[in-house]
Amino acid sequence: MSDKPNENNSEKNERKSLNFIHAFVEQDLREGKNSGRIHTRFPPEPNGYLHIGHAKAIHIDFGTAEKYGGKCNLRFDDTNPVKEEVEYIDSIREDIHWLGYDWGDREFYASDYFGKLYDFATDLIRRGLAYVDDQPSEKIAEQKGTPNVPGTDSPYRKRTPKENLDLFERMNKGEFTGGSRVLRARIDMASPNMHMRDPVIYRIIDHPHHRTGTDWKVYPMYDFAHGQSDYFEGITHSLCTLEFEVHRPLYDWFIDQLKTDDYRPRQIEFNRLNITYTVMSKRKLLQMVKEGVVNGWNDPRMPTLSGLRRRGYTPASIKNFINSIGYTKVEALNDFSLLEFAVREDLNKKAPRVMAVLDPLKVIITNYPEGKTEELETINNPEDESMGGRTIPFSREIYIERDDFMEDPPKKFFRLGPDREVRLKSAYVIKCNDYKKDADGNITELHCTYDEATKSGGEAIGRKVKGTLHWVSIPHAVEAEVRLYDRLFSDPEPDGHKDRDFMEFLNPESLQVVKGFVEPGLAEAQPLDHFQFQRIGYFNVDPDSSPDKLVFNRTVPLRDTWDKKG
RNA sequence: UGACCCGUGGUGUAAUUGGCAACACAUCUGAUUUUGGUUCAGAAGAGUCCAGGUUCGAGCCCUGGCGGGUCAACCA
């Protein structure tokens, strides 16, 4: 019962209620915080490719700005030069644009603020709120205590600001080796929150940075860069995932030391995206790329945005999926079928129907003239007249799908069998009179007759056939490589096992390559064009496809209720 | 033996100031269909982790449990 008949389900859900993040935003707006400004940011570290989990963050970051007339910055969180590469920056930009978002001229880098952060650090030192610690990391970790046991003070905790200032400056001049000294915030070694026990805020790294080169020898830690960068950019709502919840007191502590007026950014955490049969951590995705269990970051089986794009997923389908699962604080495990539904829902509207046979069985239409070819009219999408039509060639010899014929069909099988009739899509009704087998009992060809009066689009034929088959004309068909993908992992939660490695759950049959035959018009298809192969699934043209070698990726199979009944 | 966060059909979410637990996916029927797709119609499935309390009335508020997650990188 909706007032807008054409809206889809996710739009309906979106209208129905506010997620808790937007409820907070509206509350801040009502209370007049930050002069009514809304400003968010998407802060990836350029150490890998973006995946669908990032899409969830991107949608809330950019989407919130859009919804409330604010802005969203893109900020590369590049505080650790040893892990970051420019290659990743380019792919991140491309993937965000692909999703349909733009950050205008607001592309920033945490490294833009190295100078300001250094000054802030020296300011904290002068105020007695930071000190240089000469101990090795093991010693510092030991003194931190455990969640149950309070920490103990470092022997260097009482150094004078003068001495700390001198030491910190020399750290940055390269006088000390990496790991020999760190700068720590002086907060509370007995805090019940581990992050408040004098966290390390600067460390020495002797490695060139992709943007600042060798200008710096000390680099800020995440906790000392993120909130401050938000502050420098005027961010009002800093949205991140749940695991940063325990960092928030520290985030706020640094803001308290830094702020000079009423403005203050606010960190809000939401649940990370988990999907069954999928791993979603950059570390693990990188491992699969490195060990070659997939063919790169954009392997169509990967949950990366570049992989999903290559697989045939559309930006709209990803957005609808994200909207349908929502933003909460519950650690959810989303069923894969929710994603697949979103893809089918979108592709059903957009993808032209075409004919392809992936497991061919030869059919000879014995009463059809040899050498004759007809161009038959067909429609591209029965649900959308505006997508037009095309012609497809028909001849005496065609391929149908091997499993569309059964020698001894069960009662509910609607397709071809001995002495049975079916319609060939957009063509004629045919009847199977005979079939041949090889020595092993495999069926090798069917002999059928067609009824000229049943030509598609003609008058009612006065009889009903239960099944409709897709087919291609053998002399006209184009050969194509078809890649069928299945889930990469066999376990619903491959990384949820404490004593087993996620790689143990890799599905050896996640990729199957078959030789298929498609209707001749598809020879002209462009990379990333998507199609619905009748009764098989949604496919798109792989970017590596060429005129010499046509390659299709299966985006997602069609729902098939026959399989379940059988 | 800590701090913080979270417990609503199989899954994911919703439920105005407390007021008949709703929606989507998945599942199962049936109708239509030149795709066993799509579309349409319908069914089943939770009494909201447990125990108390406040209240005319609690998924929502209070108390105490139980269960799950995060936190002890010089990662982000």
Side-chain angles (χ1 to χ4, degrees), chain A residues 8-10 12-13 16-17 19 43-45 47 77-80 82-84 110 133 136-137 140-142 144-151 178-184 191-197 200-205 218-219 221-223 225-226 240 242-249 269 271 276 282-283 324-342 344-345 348-349 353 355 378-379 381-383 412-415 422-427 429 454 456-457 465-470 532-537 558-566:
Chain A
N8 67 31
N9 297 320
S10 35
K12 242 185 265 173
N13 284 344
K16 202 176 161 188
S17 67
N19 67 47
E45 182 187 17
N47 68 343
D77 218 337
D78 55 350
T79 56
N80 186 354
V82 302
K83 287 173 67 182
E84 296 146 10
D133 197 325
S137 61
I140 292 176
E142 197 185 308
K144 256 190 184 158
T146 72
N148 298 318
V149 178
S180 63
R181 281 180 169 81
V182 292
L183 184 69
R184 294 227 257 166
S191 169
N193 183 334
M194 297 292 289
H195 293 279
M196 300 299 273
R197 320 239 264 228
V200 172
I201 59 177
Y202 261 98
R203 74 294 210 190
I204 301 168
I205 298 177
V218 292
Y219 291 90
M221 298 286 290
Y222 165 85
D223 283 309
H226 201 94
C240 61
L242 246 26
E243 65 266 30
F244 291 102
E245 218 156 19
V246 284
H247 292 244
R248 193 179 346 127
E269 311 86 10
N271 60 350
T276 51
K282 270 197 227 174
R283 204 204 92 232
S324 75
I325 63 173
Y327 294 84
T328 69
K329 305 194 77 160
V330 185
E331 283 165 75
L333 180 60
N334 296 278
D335 198 295
F336 204 83
S337 63
L338 265 156
L339 215 203
E340 293 195 326
F341 171 80
R344 290 196 191 101
E345 186 187 37
N348 179 50
K349 291 180 296 198
R353 275 62 171 160
M355 300 224 263
T378 191
I379 188 169
N381 188 339
E383 263 120 76
K412 285 197 138 188
F413 186 78
F414 300 152
R415 282 112 88 172
V422 291
R423 172 170 286 285
L424 294 176
K425 171 77 179 169
S426 300
V429 171
T454 60
S456 184
V465 282
K466 280 272 204 143
T468 302
L469 265 41
H470 57 280
Q532 185 191 104
F533 288 0
Q534 302 273 17
R535 251 206 38 245
I536 301 177
L558 248 36
R559 273 183 83 229
D560 190 349
T561 51
W562 160 251
D563 267 4
K564 285 161 193 161
K565 279 175 185 163

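Worth saying up front: this structure is predicted, and the values here are computed from it rather than measured. Lettering of chains follows the sequences in order, A, B, ..., and the numbering in each one begins at 1.
- Stems are defined here as 3 or more consecutive Watson-Crick or G-U wobble pairs with pairing distances under 3.5 Å; those involving RNA chain B are B:2-7 with B:66-71, B:10-13 with B:22-25, B:27-31 with B:39-43, B:49-53 with B:61-65.
- Atom CD of A:Q534 and atom P of B:G36 are 9 Å apart (whole Å).
- Distance check on atom C1': B:U38 versus B:A31 gives 14 Å, rounded to whole Å.
- The base of B:U34 sits within donor-acceptor range of the side chain of A:S456, with an N or O pair under 3.5 Å.
- Of the P atoms belonging to B:C60 and B:U17, the separation is 15 Å, rounded to the nearest Å.
- B:G47 and B:C20 have their C1' atoms separated by 12 Å, with the value rounded to a whole Å.
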Kindly give the atom pairs (protein nitrogen or oxygen, nucleotide nitrogen or oxygen) under 3.5 Å for nucleotides 73-76 of chain B.
{"unit_1": "B:C74", "atom_1": "N3", "unit_2": "A:G179", "atom_2": "O", "d": "3.3"}
{"unit_1": "B:C74", "atom_1": "N4", "unit_2": "A:Q135", "atom_2": "O", "d": "3.1"}
{"unit_1": "B:C74", "atom_1": "N4", "unit_2": "A:S137", "atom_2": "N", "d": "3.4"}
{"unit_1": "B:C74", "atom_1": "N4", "unit_2": "A:G179", "atom_2": "O", "d": "2.7"}
{"unit_1": "B:C75", "atom_1": "OP2", "unit_2": "A:R203", "atom_2": "NE", "d": "3.2"}
{"unit_1": "B:C75", "atom_1": "OP2", "unit_2": "A:R203", "atom_2": "NH2", "d": "2.9"}
{"unit_1": "B:C75", "atom_1": "O3'", "unit_2": "A:R203", "atom_2": "NH2", "d": "3.2"}
{"unit_1": "B:C75", "atom_1": "O2'", "unit_2": "A:N80", "atom_2": "ND2", "d": "3.3"}
{"unit_1": "B:C75", "atom_1": "O2'", "unit_2": "A:K83", "atom_2": "NZ", "d": "2.9"}
{"unit_1": "B:A76", "atom_1": "OP1", "unit_2": "A:T79", "atom_2": "OG1", "d": "2.6"}
{"unit_1": "B:A76", "atom_1": "OP1", "unit_2": "A:R203", "atom_2": "NH1", "d": "3.4"}
{"unit_1": "B:A76", "atom_1": "OP1", "unit_2": "A:R203", "atom_2": "NH2", "d": "2.9"}
{"unit_1": "B:A76", "atom_1": "OP2", "unit_2": "A:Y222", "atom_2": "N", "d": "2.8"}
{"unit_1": "B:A76", "atom_1": "O3'", "unit_2": "A:D77", "atom_2": "OD2", "d": "3.2"}
{"unit_1": "B:A76", "atom_1": "N6", "unit_2": "A:H247", "atom_2": "NE2", "d": "3.2"}

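- Nearest approach of A:S426 to A:T378, heavy atoms of both residues: OG-OG1, 2.6 Å.
- The phosphate of B:G37 has OP1 or OP2 within less than 4.0 Å of a side-chain N or O from A:T561.
- Taking the C1' atoms as reference points, B:A21 lies 8 Å from B:G59, given to the whole Å.
- Syn is the classification of B:A73, since its glycosidic angle stays within 90° of 0.
- To the nearest whole angstrom, the two C1' atoms, one in B:G7 and one in B:U48, are 10 Å apart.
- Using a 30° and 60° split on the angle between ring planes, A:H247 and A:H195 fall in the tilted class, from 30° to 60°.
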What N/O pairs connect the protein and nucleotides 64-69 of chain B at under 3.5 Å? Give each pair on its own line.
{"unit_1": "B:G69", "atom_1": "O2'", "unit_2": "A:E331", "atom_2": "OE1", "d": "2.4"}
{"unit_1": "B:G69", "atom_1": "O2'", "unit_2": "A:E331", "atom_2": "OE2", "d": "2.7"}

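- Between the C1' atom of B:C4 and the CG atom of A:N271 lies a distance of 17 Å, rounded to the nearest Å.
- Taking atom CZ on A:R415 and atom P on B:U34, their separation rounds to 17 Å, with Å as the unit.
- Contact annotation for A:I325: backbone-only contact, meaning every heavy-atom pair under 4.0 Å involves sugar-phosphate atoms and none involves a base.
- A:H470 pairs by the ring pair (Phe, Tyr, Trp, His ring centres under 6.0 Å) definition with nothing, not counting sequence neighbours.
- A salt bridge links A:K329 to A:E245: at least one charged side-chain nitrogen sits closer than 4.0 Å to a carboxylate oxygen.
- Here the separation of B:G37 from B:U11, taken at their P atoms, is 27 Å to the nearest Å.
- For B:G37, the base has a donor-acceptor partner in the side chain of A:E383 [N/O atoms by modelled type, under 3.5 angstrom].
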Verdict with reasoning, A:D335 to A:S337, per side-chain hydrogen bond (donor to acceptor under 3.5 Å, both in side chains): CA-CA 5 Å; A:D335 198 295; A:S337 63; 3.0 Å; yes
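- Residues A:N193 and A:V246 come closest through the heavy atom pair ND2-O, 3.0 Å.
- Here the C1' atom of nucleotide B:C23 and the CZ atom of A:F341 are 12 Å apart, to the nearest Å.
- In terms of heavy-atom proximity, A:A110 sits nearest to A:D78 at N-OD1, 3.2 Å.
- In the set B:U38, B:G36, B:A14, the nucleotide with an atom closest to the side chain of A:R559 is B:U38.
- Across all strands shown, A:F336 has no heavy atoms under 4.0 Å from either base or sugar-phosphate atoms.
- To the nearest angstrom, C1' of B:G37 lies 14 Å from CG of A:L469.
- Residue contacts shown for A:T378 are absent, as no nucleic acid heavy atom lies under 4.0 Å away.
- Taken to the nearest 0.5 Å, the CD1 atom of A:I379 stands 8.0 Å off from the NZ atom of A:K425.
- No side-chain donor from either of A:N148 and A:T146 sits under 3.5 Å from a side-chain acceptor of the other.
- Rounding to whole angstrom units, CZ of residue A:R248 and P of B:C4 are separated by 11 Å.
- In this structure, A:R344 places its CZ atom 11 Å from C1' of B:A26, rounding to the nearest Å.
- Put simply, CD on A:E84 and CD on A:E45 are 4.0 Å apart, with the number rounded to the nearest 0.5 Å.
- Shown here, B:G47 is classed syn by the O4'-C1'-N9-C4 or O4'-C1'-N1-C2 angle, which is within 90° of 0.
- Considering all non-hydrogen atoms of both residues, A:Y327 and A:N19 come closest at CD1-ND2, 3.9 Å.
- Each of A:I536 and A:N19 was matched to the nucleotide of RNA chain B holding its nearest heavy atom; the match closer to the 5' end belongs to A:N19.
- One finds no side-chain N or O of A:S426 lying less than 4.0 angstrom from the OP1 or OP2 phosphate oxygen of B:U34.
- Side-chain contact between A:V82 and A:I205: present, with at least one pair of heavy atoms (C-beta onward) separated by less than 4.5 Å.
- Closest of all the heavy-atom pairs between A:T79 and A:Y219 is O-CB, 3.5 Å.
- Contact annotation for A:Q532: base contact, defined as any heavy-atom pair under 4.0 Å involving a base atom.
- B:G36 has its base stacked against the ring of A:F414, the centroids being under 5.5 angstrom apart at an interplanar angle below 30°.
- For A:S191 against A:M196, the heavy-atom pair with the smallest separation is OG-CB, 3.4 Å.
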Short N/O separations, protein against nucleotides 45-49 of chain B, under 3.5 angstrom:
none

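- B:G52 and B:A14: their C1' atoms are spaced 28 Å apart (whole Å).
- The distance from atom CG of A:N348 to atom CG of A:N381, rounded to the nearest 0.5 Å, is 7.0 Å.
- With rounding to the nearest 0.5 angstrom, the CG atom of A:L469 is 11.5 Å from the CZ atom of A:R423.
- Comparing B:G67 with B:U8, their C1' atoms are spaced 15 Å from each other, to the whole Å.
- Side-chain atoms of A:N271 come within 3.5 Å of backbone atoms of A:T328 as a donor-acceptor pair (strictly under, hydrogens ignored).
- Between A:E269 atom CD and B:C6 atom P the separation is 10 Å, expressed in whole Å.
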Between the protein and nucleotides 8-11 of chain B, list every N/O to N/O distance that falls short of 3.5 Å.
{"unit_1": "B:U11", "atom_1": "O3'", "unit_2": "A:L333", "atom_2": "O", "d": "3.2"}
{"unit_1": "B:U11", "atom_1": "O2'", "unit_2": "A:L333", "atom_2": "O", "d": "3.3"}
{"unit_1": "B:U11", "atom_1": "O2'", "unit_2": "A:D335", "atom_2": "N", "d": "3.4"}

